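All of these numbers come straight from a predicted model, not from anything done at the bench.
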Protein chains: 2
Amino acid sequence: MTKLERAERPDMPTEAAQAHRFGKARSAQSAALLEDYVELISDLMASVGEARPTDVARRLGVSHATAIKTISRLKREGLATSRPYRGVFLTDDGEALAERVRKRHRLVVDLLVAVGVPGDCAEADAEGIEHHVSDVALAAFRDFLARR
Amino acid sequence: MTKLERAERPDMPTEAAQAHRFGKARSAQSAALLEDYVELISDLMASVGEARPTDVARRLGVSHATAIKTISRLKREGLATSRPYRGVFLTDDGEALAERVRKRHRLVVDLLVAVGVPGDCAEADAEGIEHHVSDVALAAFRDFLARR
DNA sequence: CTGAAATTGTAGCCTCGTCTACATTTTGGT
DNA sequence: ACCAAAATGTAGACGAGGCTACAATTTCAG
Ligand SMILES: [Mn+2]
Ligand SMILES: [Mn+2]
Ligand SMILES: [Mn+2]
Ligand SMILES: [Mn+2]
């Protein structure tokens, strides 16, 4: 099989461009878990006044051991603090991230609903989609919602 | 801190619903890598006539060792076959999945563009988003594109 | 005030996805 | 036909994220 030149397959992106896109998606994924945690912790603090590991675990559908381990990663990354047997608290960085993530989540849901996706489905899909929506796309979503 | 009842925090979903959504997003993520591989392999077969591990690795931006290991997972799951030093081939199941994934990818890009996201950005974001778009949402996207 | 239940924490195991380093096989230019 | 270069495959390490099992602490009902 002889090697084909780039020009002979104009339907595919260049190797470099494609590799870059896949790399982006991979790193978005690695941030996704932390984003969900800080958003959830922030929501729990706002609605029940505290975020306890067990609640976090139940809401995420994982074991409490898993939640605790991820929370320690949050601490390692400077997004949260906690003392033994006390709840989890977000640092300023953590709270700022939560804020951004919460807004993004809402915007994604709104966009999905605006293009005709049923509410529950929009909520469910947004939970995964949100982590892959760039700032540029978010801005486009805002514009679209404003002028539709 | 006394326990609050569900009714007192109407702004959050129930624990069960939320856990279910997060679980969905997690399993979508675990399928994402295989989806990207079969789509890429199928594209390579169509445009250059074969899919070799090194090409797959370069396009994904990972080492060839990583690509080979993931390809063996593809084989384990019945999506691909390969013989030593020959290229990779998709099974009927693999080809069917590739077809679905390719259509979904295009539809997601088209939807993003239709709501105003710039082309390159749409392509980049779609690479991650596509794996989290349910069939129901896809149908809504199709309708939206048809009648906009 | 006290002991059972709930919560929190720790330890150890697994799989997946990534890498580097090295070994083997195939390919292609002379 | 040969040998160097490219491609392919294998081995071993690591971190993330999940689990179960068990230990320690805190909370609360009686
Ligand atoms: Mn999410
Ligand atoms: Mn979210
Ligand atoms: Mn993808
Ligand atoms: Mn894709």
Is the aromatic ring centre of A:His64 closer than 5.5 Å to the centre of the six-membered base ring of C:dT7, with the two planes inclined by less than 30°?
->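 Ring-base stacking flag not set for A:His64 and C:dT7.
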Does the side chain of B:Asp36 reach to within under 4.5 Å of the side chain of B:His131, using non-hydrogen atoms?
->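 Side chain of B:Asp36 against side chain of B:His131, heavy atoms only: contact under 4.5 Å found.
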So do B:Leu34 and B:Glu77 actually touch side chain to side chain, heavy atoms under 4.5 Å?
->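 They are in side-chain contact.
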For a quick test of reading the model: is some side-chain N or O of [X] closer than 4.0 Å to OP1 or OP2 of [N]?
X: A:Arg86; N: D:dT27; result: yes
X: B:Arg73; N: C:dT18; result: no
X: B:Thr66; N: C:dC19; result: yes
X: A:Ser63; N: D:dC19; result: yes
X: A:Arg26; N: C:dG17; result: no
X: B:Thr70; N: C:dG17; result: no
X: B:Arg76; N: C:dC16; result: yes

Could you check which of C:dC19, D:dC19, C:dT8 has an atom nearest any side-chain atom of A:Lys69?
->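 Nearest nucleotide to the side chain: D:dC19.
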[X] has an atom [atom1]; how far is it from atom [atom2] of [N], in whole Å?
X: A:Ile68; N: C:dG12; atom1: CD1; atom2: P; value: 17 Å
X: A:Arg52; N: D:dT26; atom1: CZ; atom2: P; value: 13 Å
X: B:Leu33; N: C:dT15; atom1: CG; atom2: C1'; value: 14 Å
X: A:Gln29; N: D:dG15; atom1: CD; atom2: C1'; value: 15 Å
X: B:Arg83; N: C:dT26; atom1: CZ; atom2: P; value: 14 Å
X: A:Glu50; N: C:dT7; atom1: CD; atom2: C1'; value: 11 Å
X: B:Leu60; N: C:dT18; atom1: CG; atom2: P; value: 8 Å
X: A:Asp55; N: C:dA6; atom1: CG; atom2: P; value: 14 Å

If you round to the nearest 0.5 Å, how far is CG of A:Asp125 from CG of B:Asp135?
->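 Interatomic distance, B:Asp135 CG to A:Asp125 CG, rounded to 0.5 Å: 9.5 Å.
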Are B:Glu15 and A:Arg58 within salt-bridge range, i.e. N to O under 4.0 Å?
->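 Salt bridge present between B:Glu15 and A:Arg58.
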Start at the 5' end of DNA chain C and walk down; is the nucleotide closest to B:Ala65 or to A:Pro53 reached first?
->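 First, find each residue's nearest nucleotide; the 5'-ward one identifies A:Pro53.
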Residue pair A:Ser42 / A:Glu95, side-chain donor-acceptor N/O under 3.5 Å =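 Side chains of A:Ser42 and A:Glu95: pair found under 3.5 Å.
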When the nearest nucleotide of DNA chain D is assigned to A:Pro84 and to A:Ser30 on a heavy-atom basis, which residue is associated with the more 5' position?
->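 Result: A:Ser30.
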Donor-acceptor pair under 3.5 Å, B:Tyr85 side chain vs D:dA7 base =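 In this structure, the two groups form no donor-acceptor pair.
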